[in-house]
Amino acid sequence: MLSNALIARYRFSTFRPGQLIIWATIYLTTVFLIIWMNSLTTEFTQHQIYENLYLQFIIVQIVVLWLIGAWNCGSVVPNELKRNSYVFFRLLPMSGVQKTAGVLVGRNLLVGLTAMVNFALIAYFGLAAGVPRFVVIQVICALIAGGVLFSTGSLLSSIRTSRKKSGNPAIVLIIFCIFLLPQTIGLMVMQKLHMKVIEVNFYYADVPLLVILSAIALYLAFWAFLGAVRKFTAEDKPLFARPAAVIFALGIEAILIGFFLPCVLGEDSSGNTDYFAMFWSMSMALIWPLAAFALWRYDRYLEESSNLSVRRRHRAIGTLDIVGMSNIKLSLITFVIWAGFALMIWRLNGQMLLDGLGHIAVLFSFYIVFILLLETVALCRADNTRVIFLIGFIAILYVILPILLGGLLPESQIPMLSILGYLSECFGEVSFRTAGWIPAVVNAAYAAALTVLVTQRYRTIGRTRAALQTGKLTDST
């Protein structure tokens with residue numbers, strides 16, 4: 001690992017005496033002030049002081065390992081772009097795995113050493129405060145898993161091919177600070193107050209909460225690592241390969257099922273709409289957008305149609321052939337995965353099968369409209385890069401406008417023409433008959449209009465490929 005050229009480069013710059021002295025001074029001063037200020041208080045016993053120091057050094061570790069570590073990794077590519085040296089970075093004779101590992105390890109060598117000292121302080125003050133040894137181990141594992149996740153995620157979000165599109169790790173850190181930092185500190189406080197393992201029911205097994213959260217963080221970090229490797233290897237390709245998107249979707253569903261299955265099959269759960277409503281909402285939010293991260297663009301369609309033509313001995317490529325390899329195909333597969341798990345939770349919750357199938361059919365009509373809008377962006381962006389703003393505006397109107405009109409006409413069913421309004425009705429009144437069929441009919445009309453546009457672009461791809469084969473056009477044209 002230390003033979004990695006990037007690790008050697010970052011090690012040389014990180015451990016320069018001047019930089020090392022500054023970092024050590026700031027860190028040691030912070031540690032001294034925390035311990036000294038706690039020792040001055042007369043309101044707490046020695047045991048309570050140890051408890052406070054245990055929690056405070058956990059917070060220090062979050063700052064060091066999660067925030068500073070993520071910032072170090074996420075700033076590599078933007079800094080290379082600013083210095084106009086990213087071309088040399090790309091041309092390094094290293095694989096994507098070596099580059100990713102080199103950035104993650106090399107940029108966080110000093111952070112890792114500091115984290116080891118923090119872990120020793122956390123373990124010492126935690127055990128001195130009477131925290132069970134297994135809880136201390138769980139906390140340390142959770143901190144490590146979180147650090148790995150945020151470092152890989154920050155690196156992945158920063159990998160871009162141009163200065164204009166260079167990512168900013170501050171975005172990831174701001175999201176973390178707003179949404180996850182309060183919950184993380186609150187969880188650590190709960191562990192401190194209870195002084196025992198907090199467990200959750202996962203697939204009917206009582207699993208420590210920090211253990212399952214650490215496992216999920218490492219699962220996501222693994223995929224973020226693969227994503228960074230893919231972006232370093234093939235920058236012009238989407239984040240997910242199509243088989244990887246399907247595997248990721250199955251993994252997410254398996255995790256969610258593990259949490260919700262004991263609740264759905266528990267006592268007095270039959271007829272309670274809260275469980276399936278939460279599962280449907282969470283799985284939709286995680287699974288439905290996957291197609292956007294595996295999106296083929298117009299040039300990729302031309303490339304793949306060429307490969308298909310070679311396999312078919314240069315026979316003409318029809319519209320159906322392009323549909324068979326299109327983004328829509330992957331979208332349908334991910335929807336089937338979501339629908340299968342959603343229907344299973346619906347039935348286990350004691351709901352009527354036909355009602356569940358009806359709701360899924362209506363939700364599919366919403367889904368196909370979103371997918372066709374996304375496909376329109378993928379196919380038309382080659383002609384006009386700003387088409388994404390038009391399609392985005394249409395999508396916002398599609399979701400928001402029916403709800404706004406419903407506020408003006410409270411007795412109407414207009415809000416159900418928005419997926420948000422329909423979900424509210426679906427989860428409030430379980431029977432499909434109360435939700436109605438109007439959204440499906442309206443969405444079918446939207447989808448028909450978009451299908452005409454998408455089909456025209458598919459035909460253009462087929463004609464372009466035929467012209468290239470006959471020599472009427474060249475790849476440069």
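Scope of the values below: all heavy atoms of this structure, side chains included, with no hydrogens, waters or symmetry mates. Residue numbers run from 1 in the order of the sequence given. Predicted model, so just to flag it, every value in this text is computed and none were measured.
- With contacts defined as side-chain heavy-atom distances shorter than 4.5 Å, the pair Trp288/Thr334 does not qualify.
- Under a 3.5 Å cut-off, the side chain of Ser281 and the backbone N or O of Met278 do not form any donor-acceptor pair.
- Below 30°, between 30° and 60°, or above 60°: for Phe89 and Phe232 the angle between ring planes is between 30° and 60°, a tilted geometry.
- Gln19 places no side-chain N or O within donor-acceptor distance of the main-chain N or O of Arg16, the cut-off being under 3.5 Å.
- Remark: Tyr398 engages Phe370, Tyr446 in a ring-ring contact (aromatic ring centres under 6.0 Å, His included) (not counting sequence neighbours).
- Of all heavy-atom pairs between Arg107 and Ser75, the closest is NH2-OG, 3.3 Å.
- Phe134 and Pro208 get closest at one heavy-atom pair: CE2-CG, 4.0 Å.
- Counting heavy atoms from C-beta outward, Tyr10 and Val76 have side chains that approach closer than 4.5 Å.
- A side-chain donor-acceptor contact under 3.5 Å links Lys99 to the backbone of Arg90.
- Listed by first and then second residue, the side chain to side chain donor-acceptor pair (under 3.5 Å) pairs involving residues 252-263 amount to none (not counting sequence neighbours).
- A donor-acceptor pair under 3.5 Å links the side-chain atoms of Thr152 to the main chain of Leu149, judged by distance alone.
- A donor-acceptor contact closer than 3.5 angstrom links the side chains of Asn327 and Glu375.
- A 4.5 Å side-chain heavy-atom check between Phe119 and Ile144 finds at least one atom pair inside the cut-off.
- In this structure, Arg230 contributes its side chain and Leu239 its backbone to a donor-acceptor pair below 3.5 Å.
- Contacts of Leu397 classified as side-chain contact (heavy atoms from CB on, under 4.5 Å), with partners at least two apart in sequence or in another chain: Phe393.
- For the pair Leu250/Phe341, a side-chain contact is recorded, criterion being any heavy-atom separation below 4.5 Å from C-beta on.
- The shortest non-hydrogen separation linking Gly74 to Ser154 is CA-OG, 3.2 Å.
- Taking the six-membered ring where tryptophan is involved, the planes of Tyr367 and Phe335 are tilted, since the angle between them lies from 30° to 60°.
- Taking both residues in full, the closest heavy atoms of Ser158 and Cys73 are given as OG-O, 4.3 Å, listed atom of the first, atom of the second, then distance.
- Closest of all the heavy-atom pairs between Leu290 and Ala249 is CD1-CB, 3.6 Å.
- For Gly227 against Leu156, the heavy-atom pair with the smallest separation is C-CD1, 3.5 Å.
- At most 12 non-hydrogen atoms from other residues, nucleotides or ligands lie less than 6.0 angstrom from OH of Tyr124.
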* **Stepwise side-chain hydrogen bond (donor to acceptor under 3.5 Å, both in side chains) check, Asn118 with Tyr27** => CA-CA 10 Å; Asn118 281 337; Tyr27 174 70; 2.5 Å; yes
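- In this structure, CG in Leu379 is found 12.0 Å from CZ in Arg297, a value given to the nearest 0.5 Å.
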* To do: Kindly indicate, with the supporting measurements, whether the criterion side chain to side chain contact (heavy atoms under 4.5 Å, CB included) is fulfilled by Leu6 and Met94.
  => CA-CA 9 Å; Leu6 285 176; Met94 302 172 66; 4.1 Å; yes
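- Annotation: the span from Ile140 atom CD1 to Leu210 atom CG amounts to 11.5 Å, rounded to 0.5 Å.
- With hydrogens and angles ignored, the 3.5 Å screen pairs no side-chain donor or acceptor of Ser418 with any backbone N or O of Pro415.
- Note that CD1 of Ile122 and CD of Gln56 are 11.5 Å apart. Values are rounded to the nearest 0.5 Å.
- A distance-only check finds no donor-acceptor pair linking the side chain of Thr14 to the backbone of Arg11 [under 3.5 Å].
- Under the 4.5 Å side-chain criterion, counting only non-hydrogen atoms from C-beta, Val246 is in contact with Leu330.
- Contact check for Arg381 versus Thr376: no side-chain heavy atoms found under the 4.5 Å cut-off.
- Ring geometry, Phe260 versus Phe279: the interplanar angle exceeds 60°, so the pair is classed perpendicular (tilted spans 30 to 60°).
- Residue Ile388 holds its CD1 atom at 9.5 Å from CD1 of Ile391, rounded to the nearest 0.5 Å.
- Ile137 places a side-chain heavy atom less than 4.5 Å from the side chain of Cys141.
- Summarising the geometry, atom CD belonging to Glu303 is positioned 14.0 Å from atom OH belonging to Tyr298; distances are rounded to the nearest 0.5 Å.
- The number of heavy atoms from other shown groups lying within 6.0 Å of OH (Tyr203) is above 12.
- Side-chain contact between Val131 and Phe125: absent, with no pair of heavy atoms (C-beta onward) separated by less than 4.5 Å.
- With hydrogens and angles ignored, the 3.5 Å screen pairs no side-chain donor or acceptor of Ser85 with any backbone N or O of Phe88.
- The cationic group of Arg242 lies under 6.0 Å from the six-membered ring centre of Trp296 and within 45° of the ring axis, placing it in a cation-pi geometry.
- Between the side chain of Asn38 and the backbone N or O of Asn52 there is no donor-acceptor pair closer than 3.5 Å.
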* Asked: Could you go step by step and tell me if Leu104 and Phe225 meet the side chain to side chain contact (heavy atoms under 4.5 Å, CB included) rule?
  -> CA-CA 10 Å; Leu104 292 174; Phe225 182 87; 3.8 Å; yes
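- Between the CD1 atom in Ile35 and the CG atom in Leu121 there is a gap of 6.0 Å [rounded to 0.5 Å].
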* CA sep, side-chain torsions, deciding dist, call: Ile257, Met344, side chain to side chain contact (heavy atoms under 4.5 Å, CB included) -> CA-CA 10 Å; Ile257 286 289; Met344 179 181 70; 3.3 Å; yes
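- Aromatic ring orientation, Trp223 versus Phe248: perpendicular (interplanar angle above 60°, classes split at 30° and 60°).
- Of the candidates Tyr422, Trp346, Trp280, His359 forms a side-chain hydrogen bond (donor to acceptor under 3.5 Å, both in side chains) with just one, namely Tyr422.
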* Asked: How far apart are the C-alpha atoms of Ser151 and Trp66, what are their side-chain angles, what is the distance that settles it, and do they pass the side-chain hydrogen bond (donor to acceptor under 3.5 Å, both in side chains) test?
  -> CA-CA 7 Å; Ser151 293; Trp66 293 13; over 6 Å; no
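- Between Glu80 and Arg9 there is a salt bridge, since at least one side-chain N of the basic residue sits less than 4.0 Å from a carboxylate O of the acidic one.
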* To do: Please report the C-alpha distance between Leu450 and Val369 in whole Å, then the side-chain angles of each, then the deciding distance to 0.1 Å, and finally whether the side chain to side chain contact (heavy atoms under 4.5 Å, CB included) criterion is met.
  => CA-CA 8 Å; Leu450 290 169; Val369 171; 4.3 Å; yes
